[in-house]
Peer 1: 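Below you will find the structure I want to go over with you.
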Amino acid sequence: MSNRKFFYKGRQDPRENHVKFGYETRGSHKSGSRKYPLLLVVTNEERKREVEALVAQAELYAEITVDSSEGAVESIAELTAILNKKGTVKLDKVPERNEPCSCGSGKKYKKCCGQ
């Protein structure tokens with residue numbers, strides 16, 4: 001056994017800074033945009049017109065195909081997810097203990113509504 005010391009000189013094999021793990025990493029990828037349109041499947045022409053109206057009303061872009069074969073299934077889950085998306089919830093700030101109360105009484109919060 002030798003008496004040499006091991007000095008770490010960093011990683012021996014240089015690696016890339018960003019490694020792809022199989023999921024989408026682009027932040028600008030927005031479904032329903034002109035570059036990335038929604039891919040929707042409907043079962044008849046009448047339903048296609050209804051879905052086109054929904055897409056136009058939401059100001060989105062979509063490629064809608066009609067599959068009228070026997071046992072065809074409608075696939076508009078992406079569109080319904082975007083349309084049912086909730087907005088940002090904002091909560092009112094509760095005043096600190098020694099700030100004036102928000103009810104307008106002029107008292108400190110801790111003496112009025114904070115009890």
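Counting begins at 1 with the first residue of the sequence.
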Peer 1: Which value, rounded to the nearest 0.5 Å, describes the distance between S33 atom OG and K35 atom NZ?
Peer 2: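 One finds 8.5 Å between OG of S33 and NZ of K35.
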Peer 1: Got a sec, which residues hit side chain to side chain donor-acceptor pair (under 3.5 Å) with D67, two or more places apart in sequence or on another chain?
Peer 2: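 Counting only residues at least two positions away or on another chain, D67 forms a side chain to side chain donor-acceptor pair (under 3.5 Å) with S69.
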Peer 1: Who are the side-chain contact (heavy atoms from CB on, under 4.5 Å) partners of E46, not counting sequence neighbours?
Peer 2: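 Partners of E46 under the side-chain contact (heavy atoms from CB on, under 4.5 Å) test: N44, R49, E50.
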Peer 1: Taking the hydrophobic residues Ile, Leu, Val, Met, Phe, Trp and Tyr, and joining any pair whose side-chain heavy atoms are under 4.5 Å apart, which ones share a cluster with V73?
Peer 2: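 Answer for V73: none, a lone residue.
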Peer 1: Can you name the residues that form a side chain to side chain donor-acceptor pair (under 3.5 Å) with E74, not counting sequence neighbours?
Peer 2: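 Scan of E74 (side chain to side chain donor-acceptor pair (under 3.5 Å), adjacent residues dropped) gives R47.
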Peer 1: According to side chain to side chain donor-acceptor pair (under 3.5 Å), who are the partners of N98, at least two apart in sequence or on a separate chain?
Peer 2: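 With neighbours one apart ignored, the set is K110.
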Peer 1: V41 and I64: same hydrophobic cluster, using ILVMFWY side-chain contacts below 4.5 Å?
Peer 2: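 Unlinked, V41 and I64 end up in two clusters.
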Peer 1: Determine whether V66 and T43 make a side-chain contact, defined as any pair of heavy atoms from C-beta on separated by less than 4.5 Å.
Peer 2: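 Answer no - side chains too far apart.
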Peer 1: Kindly write out the residues that satisfy side-chain contact (heavy atoms from CB on, under 4.5 Å) with P100, not counting sequence neighbours, or none if the list is empty.
Peer 2: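 None.
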Peer 1: Taking side-chain contact (heavy atoms from CB on, under 4.5 Å) as the test, write out the residues that go with C113, two or more places apart.
Peer 2: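 If we apply the side-chain contact (heavy atoms from CB on, under 4.5 Å) test to C113, skipping adjacent residues, the hits are C101, C103, Y109.
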Peer 1: Are L40 and V51 packed together at the side-chain level, in the sense that at least one heavy-atom pair is separated by less than 4.5 angstrom?
Peer 2: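 Counting from C-beta outward, L40 and V51 do come under 4.5 Å.
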Peer 1: Counting only pairs under 3.5 Å, give me each side-chain donor-acceptor contact of residues 84-94, with atom names and distances, residues two or more places apart or in other chains.
Peer 2:
residue: N84; atom: ND2; partner: T80; partner atom: O; Å: 3.2

Peer 1: Name all residues meeting the side-chain contact (heavy atoms from CB on, under 4.5 Å) criterion together with A58; count only those two or more places apart in sequence or in a different chain, and write none if there are none.
Peer 2: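 L60, L83.
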Peer 1: Can you sort out the partners of R34 under side chain to side chain donor-acceptor pair (under 3.5 Å), two or more places apart, ordered by chain and number?
Peer 2: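 Only Y61 meet the side chain to side chain donor-acceptor pair (under 3.5 Å) criterion with R34.
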Peer 1: If you compare all heavy atoms of S31 against all heavy atoms of L38, which two are closest, and at what distance to 0.1 Å?
Peer 2: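 Taking every non-hydrogen atom into account, CB-CD2, 3.9 Å.
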